[in-house]
Amino acid sequence: MKNDSNSDNKISLREAISIGIGGMVGGGIFAVLGLAVSLAQGGTPIAFLFAGIIASLTAYSYSKLSVAFPDRGGTVKFVNQGFGKTVFSGTINNLLWVSYIIMLSLYASAFGSYAPNLLELTGNKTYDSHIYLSAIIVVATAINYYSIKVVSKIESYAVVIKLIILLGFIIIGIYGLFGNPNTQQLAMTNWENPLLLLTGGMVIFVAYEGFELIANAAPDIINPKKNIPKAYNYSVWFVVFLYIIIAIVTVGSLPFNEIAKAEDYVLAEAAKPMLGKIGFSIITVAALISTFSAINASLYGGSRVSFELAEDDELPHHLTSMLWNQPIGLLITAVLTLVLANALELESISTAGSAGFLLIFAVVNYIAFKQSTSIKGNKLIPFLGFIGCSAAFITLIIQQYTSNLIGVIVIISIILLCFILEFLFKKFLSK
């Protein structure tokens, strides 16, 4: 793909930061906040900080690689740059595509959890949830087929709307903490042990993965040497602080038993003490807009990844073919998302998504460490990122093995399947 030098296609620093923030503050925080509290209890803000530190180390590696190798393939190109077109790089890149599908399932699952609170369809919340999550995947797929311009327009409006609502929630929420007896839940005595705090942070790591979308925009960013590192840093640290404050407000507003009861839509529940039913409805609408825009953007991103992989001969070349003016990967991504979102529980989806991205980010950090001289980067930061992501991946698998075996089986099966299929493809089909 050629880089268009037309200034109309250029991306400013502000727009690049918006891509990063929009990618992170998608459906993630709405989907996983309740899950984080169930694992870390009063230490939830610390769990988000742990995950944020690992995200910021990885963002450094991404910024250096994006400046050195600007390409719309983003992560796919970095992995191929580091390892060549091997079975290993193919496995990691296929895992990226599957991780997009897992993220889409997470966003759809969150949409399905929030929507019945506004309008019940059958009187059974489980049935309603499945109807809503399936419908939103179908609608978003139709929009992607209709016009990519509409997808980017929805995303640009959604970023502004969800940030205004979340910042409003924070301002009113902090005011509501004064005199609220639940603030004592934030005391260290209510924190889980350090291992569970770390695990809590890793299960919800999916809430941070969206910064990697900046890499896909790198060729079009104005003054890349200066603006690409700024875009990564500003967007990641803005979101880290945003999540920590949201976690403080949530844990300080509601008793743990109420948070557990409303685990799948806890952010809306946390608005109730300050704003009553209206607050609940406003946050629910914000969650629906956020998750819908995240599904839209991720469907497009997922179909691009499958197209890039097919172009690089890491997936069958048939995936470069088009259906209704879009890569065939768009339809495949949508169908697989429908299956996964309807088949798995939220915690299993979140565990699989976080584990997938931790493994991919460990590899990207290793590439930045290995190529630190050619990319003019610091050796220590990518090394710490590699150790952090690897340790977090292992910790997540070990801890979830006892409490969420299905999630662990899903992620190990996905990794093995990506390897076996890539091995067979390279050996027998790739000519």
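Both backbone and side-chain heavy atoms feed into the values below; hydrogens, waters and symmetry mates do not. These figures come from a predicted structure and were not determined experimentally.
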Quick one: does Tyr114's side chain have a donor or acceptor within less than 3.5 Å of a partner on Phe30's backbone? yes
Mind jotting down which residue pairs meet the side-chain hydrogen bond (donor to acceptor under 3.5 Å, both in side chains) criterion with at least one end in residues 223-233? Sequence neighbours excluded, please. Ser66-Tyr232
Audit row: Thr44, Thr250, side chain to side chain contact (heavy atoms under 4.5 Å, CB included) steps and yes/no: CA-CA 10 Å; Thr44 303; Thr250 304; over 6 Å; no
Answer yes or no: is there a donor N or O on one side and an acceptor on the other, between the side chain of Asn144 and the main chain of Ala140, under 3.5 Å? yes
Residues two or more places apart in sequence or in another chain: which of them pass ring-ring contact (aromatic ring centres under 6.0 Å, His included) with Phe383? Phe369
Give a yes or no on whether Leu167 atom CG has more than 12 heavy-atom contacts from other residues, nucleotides or ligands under 6.0 Å away. yes
Please confirm whether the backbone N or O of Ile387 pairs with a side-chain atom of Ser390, one donor and one acceptor, at under 3.5 Å? no
Listed partners of Gln81 passing side chain to side chain donor-acceptor pair (under 3.5 Å), at least two apart: none
May I ask you to say whether Lys272 pairs ionically with Glu269, meaning some side-chain N is under 4.0 Å from a carboxylate O? yes
Between Gly23 and Glu209 the two heavy atoms that sit nearest each other are O-OE2, 4.4 Å
Using a 6.0 Å cut-off, check whether atom CD1 of Ile278 has over 12 heavy atoms from anything other than its own residue. no
Expected output: side-chain Ser38 to main-chain Leu35 donor-acceptor under 3.5 Å: yes
If only atom types and distance count, is the side chain of Lys77 paired as donor or acceptor with the main-chain N or O of Phe69 below 3.5 Å? no
Would you please name every residue forming a ring-ring contact (aromatic ring centres under 6.0 Å, His included) with Tyr366, sequence neighbours left out? Phe386
With sequence neighbours excluded, tell me which residues meet ring-ring contact (aromatic ring centres under 6.0 Å, His included) with Tyr62. Phe78, Phe211, Phe361
Could you check whether any side-chain heavy atom of Phe48 comes within less than 4.5 Å of a side-chain heavy atom of Ile29, counting everything from C-beta outward? yes
Flag, side chain of Glu258 to backbone of Pro255, donor-acceptor distance under 3.5 Å: no
Is the side chain of Ser63 donor-acceptor paired with the backbone N or O of Pro229 at a distance under 3.5 Å, no angle test? no
For Tyr208, what residues pass the side chain to side chain donor-acceptor pair (under 3.5 Å) criterion, not counting sequence neighbours? none
Any donor-acceptor pair under 3.5 Å from Tyr243 side chain to Ala207 backbone: yes
